[in-house]
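Notes follow the structure.
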Amino acid sequence: MKRTKISQVLEQSEVGSSLIVKGWVRANRGNRFIQINDGSTIKNIQAVVEFENFDENVLKKVTTGASVAVSGKLVESQGSGQAVEIMVETIEVLGEANPEEIQKTVMQPKRHSLEYLREQAHLRFRTNTFGAVFRIRHAVSFAIHKYFNDQGFFYLHTPIITGSDAEGAGEIFHVSNLDPKNPPLTEEGNIDYSKDFFGKQVNLTVSGQLEAELAALALGQVYTFGPTFRAENSNTSRHLAEFWMIEPEVAFNDLNDNMDLTEDFLKYITNYILDNCKHDLSFLNEREIKEQQSKPQKDRNELTLVERLEFVRDNDFKRLTYTEAIEVLKRSKPYKKKKFKYEVEWGVDLQSEHERYLVEKEFKCPVILTDYPAEIKAFYMRENEDGKTVAAMDVLFPGIGEIVGGSQREERLDVLKRKCADFNIPEEDLWWYMDTRKFGSVQHAGFGLGFERMVMFVTGMTNIRDVIPFPRTPQNAEF
RNA sequence: GCUUCUUUAGCUCAGUUGGUUAGAGCAUCUGACUGUUAAUCAGAGGGUCCCAGGUUCGAGCCCUGGAAGGAGCGCCA
């Protein structure tokens, strides 16, 4: 007989049927009730053992963390905690787990802090919280592919090793095969990268956008979904050195189309999780409610996790320009009471405190800010009629901040050349990018979604290190 | 990189003004019980009080330096 997954046992199997389940023991109560989890669902199956009829030496090994195979009949449960349970006919311990050692891991049957779980990232998959988080992470990933596929987008694989940092999006990781102790030198005494593997200096990608634009200007609508690397010394709950990013790019779209796409996309993902991850979501929802109870009133969320997701799904995002946002901030209480640490002035980039005020206090919903001053945004963003602002957009989410950054791209070759000069970007390094503006250039737009930030939003996790299996942060690349 | 907080048993944490043998809950072990729901009951074991130095008759507690982790900020997604 083949094993039946626990998700299937609980949702589809008929009472009275004989089956085999395999999984890991979560708890063994009174030598009679064994809670088994196989990862297919957050729910456990309860296996009931008439211990009098079984070998004591086998039952002794059925401890928390051990793996077991159990066969028996599915019956209605006499207890109130579950609808069905398995009356065990045979039980086999597949892999033992020494309780004295289990005690030193996160697998002991008790609550742990997220910080402690992070130290055992290889074992935290076995916990309810991380099981839920990573099943949902998968579902978000799948929903993204499904959405784009249904909308006629093509999934484009952009390179991880690239030769240019033209976008200037943060610090980069260099990739080299040269001997660091004894690198070949040029006549001037600099490292001679022409002798390196690729014959030039290369780095890990910080964005697949420029490459995605090339494909969009042929395939019409494409998206990337891959790892991204930033060598910034960022020590926050919202930054990773290695993270995943989704970057759709659509020919013929303007900024408004771009905003419509972003909003529809984010609502689709949110709704997909509400529809397809009910058990995991409900566990995380309860978990958050319990956690909130130990916090002071002012630090608590006004809405529960599920309510926040429903809110995003059901309400329009607030759209306003950067210029309007500055005016709103200048009329705000914290501005008048001089509570903001950073200045609010047209031309200066908004700080987290300003974004948080707009999202969490003023509008209390996701906000899309558009038309930023050209100086504070990237060179490829399309210049507006006023000559001062560009067709950029940032989507701000409560508790997370910037979750999406995008723009309509500059499709006019002459303007793009001027912008390169303004930003000190050597045009010749980007000859392949400039070429698309020579041959049938069209307006187009796209955005980048921080995947882990989206997973944070739908799981309610407040530290980005808890939504990626193996986080890479400054001074930390364990596992 | 900056600011700030934390570090005491396997985990979460308490530890009064610097004063006898450093405590609790959970976990682990032993036994009891056996339709439990983080099972329950009784008992036991378990400590480099983060590290190094200093002050003091005496330091978990005070001082100096360091390390690790959290939160916030900057950079950004």
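By convention in this document, chain letters (A, B, ...) are assigned in the order of the sequence lines, proteins followed by strands, and residues within each chain are numbered from 1.
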Measure all distances between protein nitrogen or oxygen atoms and nitrogen or oxygen atoms of nucleotides 4-8 of chain B, and list the pairs falling under 3.5 Å.
none

Could you list the protein-to-nucleotides 23-25 of chain B atom pairs, N/O on both sides, closer than 3.5 Å?
none

Protein-nucleotides 32-34 of chain B N/O pairs under 3.5 Å:
| residue | atom | partner | partner atom | Å |
| --- | --- | --- | --- | --- |
| B/rU34 | O2' | A/R32 | NE | 3.2 |
| B/rU34 | O2' | A/R32 | NH2 | 2.5 |
| B/rU34 | O2 | A/G30 | O | 3.1 |
| B/rU34 | N3 | A/G30 | O | 3.3 |

Pick out the pairs of N or O atoms, protein on one side and nucleotides 40-50 of chain B on the other, that lie under 3.5 Å.
none

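To the nearest 0.5 angstrom, A/I6 atom CD1 is 12.5 Å from A/I42 atom CD1.
Taking the six-membered ring for Trp, A/F148 and A/F265 have ring centres closer than 6.0 Å.
Between A/E345 and A/K330 a salt bridge is recorded (basic side-chain N to carboxylate O distance below 4.0 Å). Salt-bridge annotation for A/R118 and A/D466: present, with a side-chain N of the basic residue lying under 4.0 Å from a carboxylate O of the acidic one. Ionic pairing of A/E263 and A/K267 is present here: one or more N-O contacts between side-chain nitrogen and carboxylate oxygen are shorter than 4.0 angstrom. The existence of a salt bridge linking A/E362 and A/K318 is excluded, since no basic side-chain nitrogen approaches an acidic carboxylate oxygen closer than 4.0 Å.
The salt bridge (Lys or Arg N to Asp or Glu O under 4.0 Å) search around A/E14 returns none, not counting sequence neighbours. Scored by the salt bridge (Lys or Arg N to Asp or Glu O under 4.0 Å) test, A/E50 finds A/R32 as partners (sequence neighbours excluded). In terms of the salt bridge (Lys or Arg N to Asp or Glu O under 4.0 Å) criterion, residue partners of A/D280 (sequence neighbours excluded) are, by chain and number, A/R135.
Side-chain atoms of A/S234 and base atoms of B/rC75 include a donor and an acceptor less than 3.5 Å apart. Residue-to-nucleotide contacts include no donor-acceptor pair under 3.5 Å from the side chain of A/Q78 to the base of B/rU36. Within 3.5 Å, no donor on the side chain of A/H112 pairs with an acceptor on the base of B/rC11, nor the reverse. Remark: the A/Q108 side chain and the B/rU28 base include no donor-acceptor N/O pair separated by less than 3.5 Å. Taking 3.5 Å as the limit, the base of B/rG74 and the side chain of A/E232 contain no donor-acceptor pair of atoms between them.
Nucleic acid contact class of A/T228 (heavy atoms, under 4.0 Å, all strands): none. Within the 4.0 angstrom heavy-atom criterion, base atoms lie near A/S77.
Regarding A/R356, its CZ atom lies at a distance of 13 Å from the P atom of B/rA71, rounded to whole Å. For the pair A/Y116 OH and B/rC13 P, the computed distance is 13 Å after rounding to whole Å. Atom CG of A/D394 and atom P of B/rC75 are 13 Å apart (whole Å). Rounding to whole angstrom units, CG of residue A/N28 and P of B/rA39 are separated by 10 Å. Remark: P of B/rC76 and CG of A/N233 are 14 Å apart, rounded to the nearest angstrom. A straight line from CG of A/N463 to C1' of B/rG70 spans 9 Å, rounded to a whole angstrom. In this entry the distance linking CD1 of A/I86 with P of B/rG35 reads 20 Å, nearest Å. Separating the CD atom of A/E101 from the C1' atom of B/rG10 is a distance of 12 Å, rounded to the nearest angstrom.
Side-chain contact annotation: A/T205 with A/T162, donor-acceptor N/O pair under 3.5 Å absent. For the 3.5 Å distance criterion, the side chains of A/Q209 and A/E213 qualify, holding a donor opposite an acceptor.
Just one of A/F363, A/F457, A/F311 meets the ring-ring contact (aromatic ring centres under 6.0 Å, His included) condition when paired with A/F397; it is A/F457.
Within a heavy-atom distance below 4.0 Å of RNA chain B, the residues of residues 344-354 of chain A found are A/Q351, A/S352.
Legend: salt bridge (Lys or Arg N to Asp or Glu O under 4.0 Å) pairs involving residues 347-357 of chain A, not counting sequence neighbours, sorted by first then second residue: A/R356-A/E360. The ring-ring contact (aromatic ring centres under 6.0 Å, His included) contacts involving residues 62-92 of chain A comprise nothing, where partners must be two or more places apart or lie in separate chains. Within the structure, the salt bridge (Lys or Arg N to Asp or Glu O under 4.0 Å) test picks out the following pairs touching residues 85-99 of chain A (sequence neighbours left out): A/K61-A/E96.
Counting heavy atoms from C-beta on, the side chains of A/Q46 and A/Q35 come closer than 4.5 Å. In this structure the side chain of A/E242 reaches within 4.5 angstrom of the side chain of A/F229, judged on heavy atoms.
Map A/T462 and A/Q46 each onto its nearest nucleotide of RNA chain B; the residue landing nearer the 5' end is A/Q46. Each of A/E115 and A/I464 lies near RNA chain B, and the nucleotide nearest A/E115 is the one positioned closer to the 5' end.
Using bins of under 30°, 30° to 60° and over 60° for the plane-to-plane angle, the ring pair A/Y335/A/F340 lands in the tilted bin. Between A/F479 and A/F470, the ring-plane angle classifies as tilted under the 30° and 60° cut-offs.
Under 4.0 angstrom from either OP1 or OP2 of B/rG70 there lies no side-chain N or O belonging to A/S113.
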What would the secondary structure line of RNA chain B be in dot-bracket form, counting Watson-Crick and G-U wobble pairs under 3.5 Å, with [ ] for pairs that cross earlier ones and | for pairs with another strand?
-> (((((((..((((.....[...)))).(((((.......))))).....(((((..]....))))))))))))....

